[in-house]
Amino acid sequence: LEDVLGDLLAVQEEIDLLESEGQDVSRAKNRAERADKLYHEAEDACDEGKYTTVRTKLRAARAMIDAAREMLEASMAEE
């Protein structure tokens with residue numbers, strides 16, 4: 001859980017920074033928000049002892065984080 005949270009926070013910070021610079025990061029932001037939701041669902045599943053669900057939610061959150069990161073890299077390359 002901690003690794004995914006760390007990566008999510010890093011992506012969210014990058015989104016905030018680029019957004020403050022006036023860049024359109026809406027697509028990456030949507031994926032980061034979805035990753036955040038999945039992360040919290042994984043936390044809830046962990047509390048309930050549903051470890052298969054935890055793994056599934058974390059895998060999905062990681063995919064959203066990776067997609068957001070790719071979008072950010074693409075938007076920075078367009079500059």
Side-chain angles (χ1 to χ4, degrees):
L1 282 170
E2 290 175 11
D3 290 343
V4 171
L5 180 58
D7 289 344
L8 177 58
L9 290 173
V11 165
Q12 287 171 331
E13 288 299 318
E14 189 66 31
I15 287 170
D16 290 346
L17 181 63
L18 291 172
E19 195 171 44
S20 72
E21 294 173 356
Q23 292 195 36
D24 179 17
V25 291
S26 57
R27 292 180 65 213
K29 190 173 188 174
N30 288 339
R31 276 146 187 89
E33 288 171 355
R34 182 65 184 138
D36 185 61
K37 185 174 189 283
L38 287 162
Y39 172 80
H40 288 290
E41 289 173 2
E43 271 189 324
D44 292 343
C46 189
D47 291 342
E48 296 168 7
K50 299 178 181 176
Y51 301 112
T52 301
T53 301
V54 172
R55 284 190 299 274
T56 302
K57 298 283 184 181
L58 288 178
R59 245 184 252 121
R62 170 72 60 203
M64 291 291 107
I65 291 167
D66 291 344
R69 189 171 280 142
E70 288 172 16
M71 288 174 184
L72 292 173
E73 289 171 2
S75 71
M76 287 188 289
E78 290 175 4
E79 288 182 10

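From a predicted model like this one, the values you see are computed outputs, not experimental measurements.
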Working for side-chain contact (heavy atoms from CB on, under 4.5 Å), residues Asp36 and Gln12: CA-CA 10 Å; Asp36 185 61; Gln12 287 171 331; 4.0 Å; yes
Report the C-alpha separation of Arg31 and Val11 in whole Å, then their side-chain angles, then the decisive distance to 0.1 Å, and conclude whether the side-chain contact (heavy atoms from CB on, under 4.5 Å) test is met. CA-CA 10 Å; Arg31 276 146 187 89; Val11 165; over 6 Å; no
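- Counting all heavy atoms, side chain and backbone alike, Leu1 lies closest to Ala42 at CD2-CB, 4.1 Å.
- Contact detail for Leu5 and Tyr39: the closest heavy-atom pair is CD2-OH, 3.6 Å.
- Met71 and Met76 sit in two unconnected hydrophobic clusters of ILVMFWY residues. Membership requires side-chain heavy atoms under 4.5 Å apart, directly or through other members.
- Annotation for Arg69 and Asp7: closest pair NH2-O, 3.8 Å, computed over non-hydrogen atoms.
- Under the 4.5 Å side-chain criterion, counting only non-hydrogen atoms from C-beta, Glu14 is not in contact with Val25.
- The pair Lys37-Glu41 meets the salt-bridge criterion, with a side-chain N (NZ, NE, NH1 or NH2) lying under 4.0 Å from an Asp/Glu carboxylate O.
- Nearest heavy-atom pair across Ala28 and Ala68 is O-CB, 3.6 Å.
- In plain terms, the two heavy atoms of Leu38 and Ala61 that are nearest each other are CD1-N, 3.7 Å.
- A continuous path of ILVMFWY side-chain contacts below 4.5 Å connects Leu58 to Leu8, so both sit in one hydrophobic cluster.
- Between Val4 and the choices Arg62, Arg59, Lys57, the side-chain contact (heavy atoms from CB on, under 4.5 Å) rule is met once, by Arg62.
- When all heavy atoms of Leu18 and Ser75 are compared, the pair lying nearest together is CD1-OG, 4.3 Å.
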